[in-house]
Amino acid sequence: MSNLRFTEQALSEWMRGSGQDSDIVISTRVRVARNLQHLPFPLLATNQQSEEVLEKLKDVIGEGAVTEETGSFHTIILEEIGDLDKKVLVEKHLISPSLANESRNGAVILNDDESVSIMINEEDHLRIQCLYPGFQVREAWEKATALDDVFEEKVDYAFDDKRGYLTSCPTNVGTGLRASVMMHLPALVMTQQINRILSAVSQVGLTVRGIYGEGSEAVGNLFQISNQITLGQTEHEIIDNLHSVVLQIIEHEKNARTKLLNDSRLRITDRVMRSYGILSYAEVIEAKEAAQRLSDVRLGVDLGLLEGPASAVMNELNVMTQPGFLQKRFGDGMNPGDRDVCRAKLIRETLAQKAKS
Amino acid sequence: MMCQECGSRPATLHFTKIVNGEKTEFHFCETCAREKGEMIPGTPNGFSIHSLLSGLLDLDPAGKGQLAGAKAPQVPRCEECGMTYTQFSKLGRFGCSSCYKYFSDRLDPLFKRVHGSTAHVGKIPKRSGGKIQTRRQIDELKKELQYRIVQEEFETAAQIRDRIRELEKDLA
Ligand SMILES: [Zn+2]
Ligand SMILES: [Zn+2]
């Protein structure tokens, strides 16, 4: 149970770094899906077979192994940790909900700064994920492919001449590569250009996902853009395509921000300051409102309308205000009403503390 | 995964809702999703990739219709893990890497629709990929050979043919 330090802090250490265009691109993630030869995919694997997969993979990058760039690795067997810890790992995007809830002999290997997450017995035998702050798709791919090589030295992958790396889902076959960026696009949402842009994006082989609440608007104006095609393009083509489309979205968002400032500076400043005021003083706040207010404040800081908090603080609050993390911090058995009180308290204290430092 | 509403049709719409900070995952079939009026906002038709995929798989003519029972033996089956093509089209997941071989005939149109392509051109495993590298090289040379012949550059063509033979010897 000593691994639980990964669920004590809301913010992964890697998120404290800054990357290119980190005012608009929050983070970059690249994952490759791989499977072992001669063993059925996790969907059909027997308990014994999934155990064999776990045994073969968990020691390739062994407990405490140190590589120069990534720091040491730690293996967490999912069945050995509690539900709340699983929930927090999901909220920190270090494991998928399906690894947390549905896997058999599932495990995750994390490095010290949590920038590498290697899932075992998820939908595929092996999923290597690399996370970077800001917009760093190429860097993330380079690290993922290097780790992939480390595994490939020790185990035989299911690979086919014609189809490439074989995966459980036909949407991942070929490269097994999914590259994605998390973007904060408040100005495109406010100026009502977002739907036009997202539908254009979906026509060039990319997928868009948002986090949605009860209405139809994305909560916190956060959107994840990723490649849909994995077969028939090289990894570099996939990465370059995503890269160039994201650059264009960044341009559109920047233009929309400039337009907002020019056309309605007073209105936007008022909105940012109101949100900052509410986050600083509210006694009760729901998750959805918190996400929207945090988005406003982040935009205010980016536009220079408001001094601090740094983007790392905003990222931290995004994770901190999730239900699993709140429970972890304030104790089990909270009802949603209690959570709203705890959430408000946590935000107030964090903002006050960062204002002092 | 089956639809959480009716339990009888495969779930093709997967999405997350947040109410009071509590994340809930939804898995509906298209019919139930339409009845409930639940759509995924943001995506052009409100459908996720899996609905698209499952829609494509449903095009499979042997998988449905009144004759399905009578024609059952013709549905391809993976000898390795036992999954049938019908099961695959319901689940949207392969059972093992051999499924790709046993369902091979039906996969080209599927991959064409999902990826716009049927063949991998990316990374190759370093250790086991030597032969594949050679085979890719041979394919390239064969294309060039054709081109040289059309251009009536027979001397160059002969050199390329020799190179192909050498490489093929390496493979054997
Ligand atoms: Zn249904
Ligand atoms: Zn199979």
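Quantities reported herein were computed from a predicted structural model and do not represent experimental measurements. To find a chain, count down the sequence lines: A is the first, B the second, and so on, and within it residues start at 1.
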**Prompt:** Relative to each other, are the rings of B:F88 and B:F94 parallel, tilted or perpendicular (30° and 60° limits)?
**Reply:**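 Rings of B:F88 and B:F94: parallel, under 30°.
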**Asked** When you check the gap from the basic side-chain N to the acidic O, do A:E122 and A:R127 get nearer than 4.0 Å?
**Response** yes
**Message:** Salt bridge check, A:D148 against A:R31: does any charged N sit closer than 4.0 Å to a carboxylate O?
**Reply:**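 No.
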Of all of [options], which one pairs up most often with chain B through heavy atoms under 4.5 Å apart?
| options | answer |
| --- | --- |
| A:A158, A:A290, A:G232, A:P40 | A:G232 |
| A:D149, A:V201, A:N35 | A:D149 |
| A:L231, A:T234, A:L166 | A:L231 |
| A:D160, A:D156, A:L36, A:L39 | A:D156 |

Identify which part of [X] has an atom lying under 4.5 Å from any heavy atom of chain B, answering side chain, backbone, both or neither.
| X | result |
| --- | --- |
| A:P97 | side chain |
| A:Q203 | neither |
| A:T321 | neither |

Checking [X] against chain A: side chain, backbone, both or neither under 4.5 Å from a heavy atom?
| X | answer |
| --- | --- |
| B:R136 | neither |
| B:D139 | neither |
| B:T118 | both |

**Request:** Compute the ring centroids of A:H184 and A:F223, then answer whether they are less than 6.0 Å apart.
**Result:**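 Centroid distance A:H184-A:F223: not below 6.0 Å, so no.
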**Asked** Between the main-chain N or O of A:S50 and the side-chain N or O of A:N121, is there a donor-acceptor pair closer than 3.5 Å?
**Response** yes
**Set of ring pair (Phe, Tyr, Trp, His ring centres under 6.0 Å) partners for B:Y102, sequence neighbours left out** =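 Expected list: none.
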Sequence neighbours excluded and cut-off under 3.5 Å, please list the side-chain donor-acceptor pairs for residues 142-157 of chain B, or say none.
residue, atom, partner, partner atom, Å
B:E144, OE2, B:R148, NE, 3.3
B:E144, OE2, B:R148, NH2, 3.1
B:R148, NH1, B:E153, OE1, 2.8

